[in-house]
Amino acid sequence: VQLQASGGGLVQAGGSLRLSCAASKLTFTTYTMGWFRQAPGKEREFVASISWNAWSGGGTTYADSVKGRFTISRDNAKNTMSLQMNNLKPEDTAVYYCAGRNRWSSEYDSWGQGTLVTVSS
């Protein structure tokens with residue numbers, strides 16, 4: 001499994017960014033995908049996830065801190081996942097990682113390299 005995150009950058013507070021995750025060497029439609037982030041000096045935390053069966057009603061999940069501001073989506077035809085981030089805050093500054101777990105697994109076992117998001121006040 002290979003996951004490659006992209007789209008990070010520097011943005012002012014209140015601005016928007018869209019992160020993308022390209023997946024390869026996996027059956028994408030059987031993977032639940034997620035975004036995690038790690039801020040300097042802090043532990044990695046969950047941001048959002050989208051179920052492997054989102055096409056048939058499977059759900060999305062968000063951390064409370066990003067609900068209403070971030071939207072996760074996936075394109076199974078292109079093996080990609082995205083995170084649209086709006087109304088960004090300085091506390092959103094972190095390295096963002098995309099991750100995947102097989103539909104039968106409870107743990108994320110595939111990780112991308114991370115992309116840095118910096119939100120200036």
Side-chain angles (χ1 to χ4, degrees):
V1 176
Q2 290 186 346
L3 302 175
Q4 184 168 357
S6 62
L10 173 64
V11 64
Q12 289 188 331
S16 299
L17 278 176
R18 186 176 182 87
L19 304 184
S20 295
C21 178
S24 60
K25 300 184 179 180
L26 80 167
T27 304
F28 190 67
T29 52
T30 66
Y31 271 71
T32 288
M33 302 298 294
W35 287 97
F36 292 75
R37 67 187 182 186
Q38 186 167 19
K42 295 186 177 181
E43 294 187 353
R44 186 170 61 194
E45 64 175 3
F46 169 80
V47 175
S49 68
I50 184 165
S51 176
W52 66 273
N53 61 344
W55 55 272
S56 65
T60 55
T61 306
Y62 296 92
D64 288 344
S65 59
V66 307
K67 279 182 181 177
R69 301 188 297 121
F70 290 12
T71 302
I72 190 171
S73 61
R74 64 189 295 161
D75 185 336
N76 287 341
K78 296 181 179 180
N79 282 14
T80 59
M81 172 183 65
S82 296
L83 184 70
Q84 177 66 41
M85 306 185 295
N86 298 327
N87 190 22
L88 283 160
K89 304 176 180 180
E91 52 264 42
D92 294 318
T93 294
V95 176
Y96 283 71
Y97 298 90
C98 62
R101 60 178 176 86
N102 189 282
R103 58 182 286 195
W104 297 282
S105 175
S106 61
E107 299 290 333
Y108 286 90
D109 54 11
S110 301
W111 294 85
Q113 85 288 3
T115 184
L116 177 63
V117 172
T118 304
V119 184
S120 63
S121 57

Heavy-atom side-chain contact between [X] and [Y] under 4.5 Å:
| X | Y | answer |
| --- | --- | --- |
| Leu83 | Val47 | yes |
| Asp92 | Arg37 | yes |
| Asn86 | Leu88 | no |
| Leu3 | Met33 | yes |
| Val117 | Thr93 | no |

Hey, could you give me the [atom1]/[atom2] distance between [X] and [Y], rounded to the nearest 0.5 Å?
| X | Y | atom1 | atom2 | value |
| --- | --- | --- | --- | --- |
| Leu10 | Ser120 | CG | OG | 5.0 Å |
| Arg101 | Ser49 | CZ | OG | 7.0 Å |
| Ser51 | Arg74 | OG | CZ | 7.5 Å |
| Arg69 | Gln84 | CZ | CD | 12.0 Å |
| Gln4 | Ser20 | CD | OG | 10.5 Å |
| Met81 | Asn76 | CE | CG | 11.5 Å |

Of the non-hydrogen atoms in [X] and [Y], which two are nearest, and what is the gap between them?
| X | Y | answer |
| --- | --- | --- |
| Pro90 | Ser121 | CG-CB, 3.9 Å |
| Gly8 | Thr115 | N-OG1, 3.0 Å |
| Ser16 | Asn87 | OG-N, 4.3 Å |

Subject >> side-chain contact (heavy atoms from CB on, under 4.5 Å) partners for Gln38, two or more places apart >> reply: Arg44, Tyr97
Subject >> Short side-chain to backbone donor-acceptor contact, Gln12 and Val119, under 3.5 Å >> reply: no
Original post:
Taking Thr30 for the side chain and Thr27 for the main chain, is one N or O donor matched with an acceptor at less than 3.5 Å?
Top reply: yes
Determine, using the 4.5 Å side-chain heavy-atom cutoff (strictly less than), whether [X] and [Y] are members of one ILVMFWY cluster.
| X | Y | answer |
| --- | --- | --- |
| Val95 | Leu19 | no |
| Leu116 | Trp111 | yes |
| Trp35 | Tyr62 | yes |

Original post:
What is the ring orientation for Tyr96 with Phe70, classed by angle as parallel under 30°, tilted 30 to 60°, or perpendicular over 60°?
Top reply: tilted
**OP:** Check whether the ring centres of Tyr108 and Phe36 lie less than 6.0 Å apart, and answer yes or no.
**Re:** yes
Original post:
What do you reckon, are the aromatic ring centroids of Phe28 and Trp52 less than 6.0 Å apart?
Top reply: no
Original post:
Going through the distances and angles, do Met85 and Leu17 end up as a side chain to side chain contact (heavy atoms under 4.5 Å, CB included)?
Top reply: CA-CA 5 Å; Met85 306 185 295; Leu17 278 176; 3.7 Å; yes
Subject >> side chain to side chain donor-acceptor pair (under 3.5 Å) involving Lys67 - partner list, sequence neighbours excluded >> reply: Asp64
Original post:
If you look only at pairs with a residue in residues 61-91, which of them pass as a disulfide bond (SG atoms under 2.5 Å apart), with sequence neighbours excluded?
Top reply: none
